[in-house]
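Remarks on the structure that follows.
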Amino acid sequence: MKKRITFILTAIAMLWVSSAFASDYSRQRDVYSGSMMPYDFSKTETSVAWQDSLRPVYLGYTARHGARYLSSPKKIKEISDALRKAESEDMLTADGERFLDMMRRISARTDGRWGLLSEVGINEEARLGADMAAMLPDLFKKGRMESKSTYVPRVIMTMYQFLHALEIPNSRLELYASSGRQNDTLLRCFVADTAYASYRDKGVWKPVYEKYLESHVSDAPARRLFKAGYEKDAQRLRHLAMSMYGLLQANLASGLPAATTEFMSEQEYRSCWLASNVLHYLRNNINPLSDLAGRATEPLLRQIIADAESAVSSSGEVRAHGYFGHAETLLPLFSLMRLPGCYVMTDDFETLADRWQVQEITPLGANLAVILLKSPGGGIYASVRLNGRNVCPVPGKGAVVRWKELKQYWEDIMSELNQKSSKI
């Protein structure tokens, strides 16, 4: 009875919120959700890259939290304050009134759940854990898995939801989990590394991004919210348009109807997605302006290597390690690892999205599985899966490589980065 009442209340809430979304508009493309794109299970590969002669002996699993509600009221503060002020002065257009009404409905629905995993995210993690258990059934029959997460509740919940699903068919697997600020150096390098944190806050990327915003993002979506002559600053309007996008792109992750063309044309919405893509590339990735992202995440990569080495060289009691964080955890790491599609060095932002797309690298629920395999002769090999797809981790090599070779490839990258840093 309780479940039925919950379902009815949820359905009522959904109908109430969705009334703000007109049905006679076109749905925006899901990929334009960018960093708020839910995990696309249709793209995962069910087949593994290794032959039957290789036996899985270890898993290193690094993941972003699953789909969530808007992170906090601060996410929409800029557009919220602007609209409320205009409302008090009777300067909203019909578009502005509808957008403000929609925002209030979404805020009311999210109240008390800011930043938490949504039902979409909980279901994502349950499936990801179940899929991993099904892919590596013998690995988790016994032994232990040690996991770490950041102190953020949605990340902790992601870790536990994943582990819970992994444990269901493997009741003899021992799970050890830790969460808290003691893991910041590994999992929140964007805060723990002061040089990188300073770069993200006020680095040389900012004027580059502003220049892109000025030439590519229209101020029209925000301008249509206000009566003529009320807002004249085009730069401010462009930032308000990006705030509008920040609200709309989160709909799917929150379990709301997809964004439509009601407030932005497809081209306007796509331009905001492209700008957001550039922002993530400049702030969170190794790029021509800075390699601080790579240096900041080096402790995590070294830990991943050390944990794997320790596991395969010991008795085999530890079967897996988990590292649970944020998009800002994974983006620097994946660019340091130079995984396919994750490391791009370009200042041609016109074509960046042809080679680097944030929703392909770190969608909500993003994960990297480094699976170590033992041959009948005792050799150790590695298979790497990014978001459920087999990738070739070493240029010019296949999807299965010698672990020693992969480890050396990553160590050489870090050594090269440190040598470059010492010369600056």
Side-chain angles (χ1 to χ4, degrees), residues 30-31 37-64 66-67 123-143 145 158 161-170 173 304 308 311-312 316 319-324 330 333-334 337-343 355 357 359-407 409-410:
D30 291 355
V31 294
M37 175 76 181
Y39 199 84
D40 188 351
F41 286 94
S42 71
K43 291 185 177 181
T44 60
E45 297 179 18
T46 55
S47 60
V48 297
W50 60 88
Q51 302 298 319
D52 291 342
S53 60
L54 295 176
R55 176 172 60 90
V57 292
Y58 176 77
L59 166 69
Y61 187 80
T62 311
R64 180 193 182 190
N123 292 334
E124 281 174 347
E125 294 308 319
R127 181 168 174 181
L128 286 167
D131 286 354
M132 188 61 69
M135 186 174 72
L136 304 171
D138 294 334
L139 181 63
F140 300 116
K141 283 183 177 179
K142 61 180 180 179
M145 178 173 181
T158 291
Q161 192 69 31
F162 177 86
L163 294 179
H164 175 254
L166 194 66
E167 176 81 1
I168 290 173
N170 298 291
L173 179 66
I304 290 171
V312 296
R319 299 302 180 89
H321 284 96
Y323 317 90
F324 294 85
L330 272 56
L333 175 68
F334 293 174
M337 289 175 159
R338 299 192 181 178
L339 297 175
C342 303
Y343 176 79
R355 304 166 61 192
Q357 292 188 10
Q359 80 279 357
E360 292 293 323
I361 303 169
T362 52
L364 291 156
N367 61 86
L368 177 74
V370 178
I371 302 159
L372 299 192
L373 312 142
K374 182 176 284 190
S375 71
I380 302 297
Y381 294 80
S383 172
V384 177
R385 289 170 64 91
L386 175 60
N387 297 328
R389 299 189 289 275
N390 301 310
V391 298
C392 300
V394 180
K397 305 293 182 177
V400 177
V401 298
R402 289 186 178 276
W403 165 240
K404 183 188 297 185
E405 190 174 22
L406 177 57
K407 181 182 69 166
Y409 175 64
W410 286 338

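Keep in mind that this is a model prediction, so the values were computed, not measured.
A pairwise comparison of heavy atoms in A366 and N387 identifies CA-OD1, 3.2 Å as the closest pair. For T158 against G66, the heavy-atom pair with the smallest separation is OG1-N, 3.1 Å. Closest heavy-atom contact between I371 and M135: CD1-CE, 3.7 Å. Closest heavy-atom contact between S375 and Y381: CB-CE1, 3.9 Å. Residues G365 and L128 approach most closely at O-CD1, 3.6 Å, considering heavy atoms.
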Take D30 and D40 through the test side-chain contact (heavy atoms from CB on, under 4.5 Å) and record every step on the way to the result.
-> CA-CA 10 Å; D30 291 355; D40 188 351; over 6 Å; no
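Rounding to the nearest 0.5 Å gives a distance of 8.0 Å between CG of N123 and CD of Q161. With rounding to the nearest 0.5 Å, the separation of CD1 in I361 from CZ in F334 is 9.0 Å. Summarising the geometry, atom OG1 belonging to T44 is positioned 6.0 Å from atom CZ belonging to R127; distances are rounded to the nearest 0.5 Å. Residue L333 holds its CG atom at 7.5 Å from CG of L339, rounded to the nearest 0.5 Å. Taking CZ of R319 as the start and CE of M145 as the end, the distance is 13.0 Å to the nearest 0.5 Å. Rounded to the nearest 0.5 angstrom, L173 CG and K141 NZ are separated by 13.0 Å.
Atom CZ of R338 has more than 12 heavy atoms from other residues, nucleotides or ligands within 6.0 Å.
With respect to the salt-bridge test (charged N to carboxylate O, under 4.0 angstrom), the residues K43 and E360 qualify. A salt bridge is absent between R64 and E124; no separation between the charged side-chain nitrogens and carboxylate oxygens falls under 4.0 Å.
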Only pairs under 3.5 Å count here: list side-chain donor-acceptor contacts from residues 55-62, not counting sequence neighbours, and write none if there are none.
unit_1: Y58; atom_1: OH; unit_2: H321; atom_2: ND1; d: 2.7

